[in-house]
Every structure is written in structure tokens, then in C-alpha cells.
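Quick notes on the structure that follows.
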Amino acid sequence: MIQFGVIVRNFSSSSAVQSAIKNVTVIGGGLMGSGIAQVSAQAGQNVILVDVNSDVLTKSQKSISNNLGRVAKKIYKDKPQEGEKFVTESMSRIKTSTDPVSAIKSADLVVEAIVENIDVKHELFKKLDEAAPSHTILASNTSSLSIDEIASVVKRKDKFGGLHFFNPVPVMRLLEVVKGAETSDATYEAMMAWGKSVGKTCITCKDTPGFVVNRLLVPYMAEAVRLFERGDASARDIDIAMKLGAGYPMGPLELGDYVGLDTTKFILDGWHKKYPEEALFKPIPLLNKLVSEGKFGVKTGEGFYKYEKK
Ligand SMILES: CC(=O)CC(=O)SCCNC(=O)CCNC(=O)[C@H](O)C(C)(C)COP(=O)(O)OP(=O)(O)OC[C@H]1O[C@@H](n2cnc3c(N)ncnc32)[C@H](O)[C@@H]1OP(=O)(O)O
Ligand SMILES: NC(=O)C1=CN([C@@H]2O[C@H](COP(=O)(O)OP(=O)(O)OC[C@H]3O[C@@H](n4cnc5c(N)ncnc54)[C@H](O)[C@@H]3O)[C@@H](O)[C@H]2O)C=CC1
């Protein structure tokens with residue numbers, strides 16, 4: 001059995017701590033999964049990125065390569081050749097697959113970043129639990145679902161936890177490490193060490209709705225949509241207000257488009273179902289309308305604003 005210890009290394013990159021986790025499988029090659037694959041490969045780990053859709057995987061590889069290029073420009077400002085080597089080597093550590101079962105055969109850690117739907121996540125984790133080696137840690141990047149509820153379908157509850165990243169993963173420095181009711185101390189410590197190894201500052205949170213960031217951020221974004229829906233201010237003015245008046249890097253509606261209005265709706269709907277009396281979680285007709293029209297934000301080319309399709 002692999003012992004997940006921590007080896008402290010004395011080198012000057014952001015990942016000063018190296019985790020014993022070497023092989024990572026990331027399931028879901030969308031916005032978040034591609035970012036998680038990137039930071040893992042950057043940190044020297046072998047990555048398999050899995051998606052049901054092979055076109056998504058092609059797109060992910062392209063965006064990871066571009067984003068690695070941005071990182072390389074920063075780290076290797078005056079050494080373009082070293083920058084190129086960094087990109088090529090990091091990319092060579094990422095393999096792709098459409099078959100989750102074969103992709104986890106040598107995984108030390110699996111990070112799931114598929115659609116925010118408990119039934120779909122259950123179906124996947126049942127398969128992963130049966131197929132993964134006994135030492136493999138299973139983790140979910142869920143934004144809003146309960147870690148214990150997701151873990152209810154697996155036998156290895158002691159080796160299950162939450163690893164909640166933020167978008168864009170290569171830039172946002174936080175990782176919320178969520179300890180479920182049955183997550184063992186060894187698993188929790190291995191997740192913390194791994195988070196540090198991929199360059200993140202880790203905080204710990206109990207398995208509560210939205211953990212820390214989303215419990216505060218999602219109701220704020222929802223209130224901004226309601227304000228716009230009432231016609232109290234234009235979308236542009238709401239966003240300018242929060243950027244210039246509160247110092248946020250993005251306004252709340254821009255952020256909704258960036259996170260994905262589909263994901264935002266999944267989060268709110270899930271919480272509303274669980275806590276029907278909570279006014280902050282009530283459905284928002286405008287948000288539902290945009291999602292029903294396929295306007296998910298940046299990823300579909302339109303949300304509150306229009307974007308050039310990538
Ligand atoms: C829903 C959930 O469960 C949880 C969530 O994720 S909630 C969402 C959390 N995220 C946020 O709140 C994001 C808020 N927005 C921001 O922080 C910033 O607007 C932003 C970082 C996204 C973009 O910043 P910006 O200054 O407007 O744009 P830009 O100049 O393109 O990027 C800033 C830097 O990040 C880098 N960057 C941006 N995206 C990148 C990516 N995907 N990969 C690598 N580098 C990237 C750029 O290269 C640039 O680097 P330098 O400053 O060294 O040149
Ligand atoms: N968008 C955001 O800002 C954040 C999202 N999250 C969470 O991360 C997860 C993924 O979100 P995004 O990356 O935004 O979604 P996304 O829609 O960009 O990507 C999801 C991907 O999962 C794939 N997929 C769906 N079912 C699958 C399955 N059974 N097996 C393999 N692949 C499958 C889809 O083809 C898609 O490419 C969700 O749980 C979300 O709540 C967490 C932090 C931030």
C-alpha cells in the first residue's frame with residue numbers, strides 16, 4: 001500500500017511541497033477539469049484527462065497548451081527556450097481517454113469535475129470505486145453538492161473527500177479541502193499535501209453547502225441577477241459598481257457568465273430543493289430563461305453578455 005507522506009523540497013518554484021501522489025486521473029475535461037489537469041502536469045505529475053466527449057478532449061488539450069504558454073511567459077520571461085521546454089514537458093505528461101475505467105488503473109488520486117448532477121456523479125463513482133486500486137483516493141470538485149451524499153455510493157468512504165478548485169484553476173490560488181464525515185485523517189492529509197504540491201493555498205472546510213467561498217459568493221451573484229431582473233440597474237452598471245465600488249476583479253454578472261450560468265443554476269436549484277424556505281436560494285426566472293435558451297455564458301458565446309465563440 002502506498003503511504004501518502006509529504007516530502008519537502010528545497011526549490012524555488014511555487015510548489016515547494018511535493019506530494020506522494022504521482023498519477024492523477026481527472027474526469028471531466030471542461031472548464032475545471034482541464035485546469036486541474038494543467039496544474040497537476042505543471043507540478044510534474046502524470047495525468048490522464050477523461051471526458052465522454054472526444055471533441056472536448058481535443059479542445060481541452062489546445063486550451064491547456066495555450067494556458068501553459070501564458071504561465072511559461074511569466075516564469076521564463078527571458079528564457080523562451082526553457083519556456084517552450086516547460087510547455088512541451090508538461091503537455092507530454094497529459095494523456096487523454098474516453099474510458100474512465102481503464103484511465104484509473106494506476107491512479108493514486110482521481111479528481112472528478114463532471115456536470116453538477118448527483119445522479120450522474122453517483123453513476124460515475126460507483127464504477128470508479130469498483131475499478132480503482134485499493135489505495136486510490138477519490139475526490140470531487142463539486143461546487144455545491146454534499147461530499148457525504150456523493151460518497152454514499154462508494155465502499156471506500158475513508159478514501160473520499162472534496163477538492164474544490166476555483167476558476168480559472170491555473171490562476172486562482174485557493175483550494176478548499178473538504179473532509180466528509182468518514183474521510184480518514186490520512187486521506188485528508190494526502191489531499192492537503194497534494195493541493196500544496198500543485199501550488200495552491202489550502203483551507204479546510206466541513207461538508208456544508210457551498211463550503212466557504214460558494215456559500216458567500218453564489219447568493220451574492222444571485223442577488224445581482226435579481227437586481228438586474230427588477231430593472232434596478234443595467235448589467236454593465238451592476239458590474240462596474242462591484243468592480244469600482246467594492247474592488248472585485250469581475251462584476252457579479254460577468255462572473256456568472258464566466259463560471260457558467262448552467263452551473264450557477266444547478267447550484268441554486270440543488271440548494272432550493274434542500275432548503276425551500278431560504279429566500280436567497282429561490283429560483284430566478286431570468287436565469288432559468290437564459291439557461292433554457294442555451295445561453296450559458298462565455299462557453300456558449302452568450303449569457304448576460306455576448307462573447308466571441310472559442
Ligand atoms: C463556481 C465555483 O464553484 C467556484 C468558482 O470558481 S467561483 C469563481 C472564482 N473566480 C473568480 O472570482 C474570478 C474573478 N476574476 C479574476 O480573478 C480575473 O478577472 C481573472 C484572473 C479571471 C482575469 O484577470 P484579468 O486581469 O482580467 O485578465 P488577464 O490579464 O487576461 O489575466 C490576468 C493574469 O492571469 C493569467 N491568466 C488568466 N487566465 C489564465 C488561465 N486560464 N491560465 C493561465 N493563466 C491565466 C494571465 O496570463 C494574466 O497573467 P499576468 O498578470 O501575469 O499577465
Ligand atoms: N465552472 C466553475 O466555475 C466551477 C465548477 N465547479 C464544479 O466542477 C464541475 C465541472 O464544472 P465545469 O468544468 O464548469 O463544467 P463543464 O460543463 O465545463 O465540463 C464538464 C465536462 O464533464 C463532461 N462529462 C459529463 N458527464 C461525464 C461523465 N459521466 N464522464 C466523463 N465526463 C463527463 C462533459 O462532457 C463536460 O466536458 C461541476 O461539479 C461544477 O460544479 C467547481 C468550481 C468552479
Side-chain angles (χ1 to χ4, degrees), residues 25-39 42 48-60 63-75 77 87 96-101 103-104 110-128 139-145 147 150 162-176 178 199 209-218 220-221 239 242-243 247-252 254-268 270 296-300 310:
T25 300
V26 180
I27 315 227
L31 214 51
M32 297 304 290
S34 55
I36 299 166
Q38 177 183 332
V39 295
Q42 256 174 249
I48 305 183
L49 181 60
V50 181
D51 203 284
V52 280
N53 183 339
S54 57
D55 292 344
V56 167
L57 291 170
T58 309
K59 209 173 136 198
S60 301
S63 94
I64 294 172
S65 176
N66 286 340
N67 288 332
L68 280 168
R70 295 164 89 163
V71 176
K73 263 196 195 147
K74 224 178 293 174
I75 306 180
K77 233 182 284 160
V87 174
T96 59
S97 170
T98 51
D99 175 20
V101 168
I104 56 166
V110 177
V111 185
E112 167 273 315
I114 66 166
V115 62
E116 187 75 338
N117 177 304
I118 189 84
D119 297 329
V120 185
K121 289 195 197 282
H122 273 165
E123 197 184 319
L124 174 71
F125 274 116
K126 252 191 246 164
K127 265 195 261 176
L128 299 180
S140 176
N141 179 52
T142 180
S143 296
S144 63
L145 299 170
I147 292 300
I150 302 175
L163 286 172
H164 185 223
F165 285 86
F166 295 84
N167 180 28
V169 177
V171 179
M172 304 306 282
R173 289 155 55 203
L174 184 69
L175 176 65
E176 290 178 330
V178 185
F211 316 126
V212 175
V213 173
N214 283 348
R215 181 61 184 84
L216 300 173
L217 193 62
V218 174
Y220 149 72
M221 286 158 66
D239 284 336
M242 292 313 289
K243 284 190 280 194
Y248 284 46
M250 275 181 178
E254 276 179 288
L255 186 58
D257 277 359
Y258 193 64
V259 163
L261 298 182
D262 52 339
T263 301
T264 309
K265 177 176 153 53
F266 276 131
I267 298 174
L268 273 179
F296 297 172
V298 179
K299 63 181 159 188
T300 59
K310 284 184 191 157

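Ligands are counted one by one from 1 in listed order, and the atoms in each one are counted from 1 as well.
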Have a look at ligand 2 and work out which part of Val56, if any, has a heavy atom under 4.0 Å from it: side chain, backbone, both or neither. side chain
Atom 45 (N) of ligand 1 - nearest protein heavy atom and its distance: Val171 CG2, 3.5 Å
Just to check, does Lys73 reach to within less than 4.0 Å of ligand 1 when the distance is taken from its heavy atoms? no
Gln38-ligand 1 polar pair, N/O distance under 3.5 Å: no
So is Tyr258 close enough to ligand 1, meaning a heavy atom under 4.0 angstrom away? yes
Please state which part of Lys127 comes within less than 4.0 Å of ligand 2, counting heavy atoms only: side chain, backbone, both or neither. neither
For the residue pair Glu112 and Ser140, confirm or rule out a side-chain donor-acceptor distance under 3.5 Å. yes
Any heavy atom of Leu255 under 4.0 Å from ligand 1? The part involved is side chain
With heavy atoms only and a cut-off of under 4.0 Å, state how Asn167 meets ligand 1: side chain, backbone, both or neither. both
Which atoms from ligand 2 have a heavy atom of Ile27 less than 4.0 Å away? 31 (C)
Does an N or O from Leu31, backbone or side chain, lie closer than 3.5 Å to an N or O of ligand 2? yes
With heavy atoms under 4.0 Å as the rule, classify the contact between Ile114 and ligand 2 as side chain, backbone, both or neither. both
Is Glu112 in polar range of ligand 2, meaning some N or O pair under 3.5 Å apart? no
Looking only at protein heavy atoms, which one is nearest to atom 16 (P) of ligand 2, and how far off is it? Lys299 NZ, 4.0 Å
For Phe165, counting its heavy atoms only, list the atoms of ligand 2 lying under 4.0 Å from any of them. 43 (C), 44 (C)
Atom 6 (N) of ligand 2 sits nearest the protein heavy atom Ser143 OG, 3.0 Å
To check your reading of the model: name the closest protein heavy atom to atom 3 (O) of ligand 2, its residue, and the distance in Å. Asn167 CB, 3.3 Å
Give the residue and atom name of whichever protein heavy atom lies nearest to atom 11 (O) of ligand 2, and the separation in Å to one decimal. Met32 CG, 4.0 Å
Can you list the atoms of ligand 2 that are under 4.0 Å from a heavy atom of Val259? 1 (N), 2 (C), 3 (O)
Between ligand 2 and Thr142, is the shortest N or O to N or O distance under 3.5 Å? no
Determine whether the side chain, the backbone, both or neither of Asn214 has a heavy atom under 4.0 Å from any heavy atom of ligand 1. side chain
Per-atom contacts of ligand 2 with His164, taking only distances under 4.0 Å to non-hydrogen atoms: 42 (C), 43 (C)
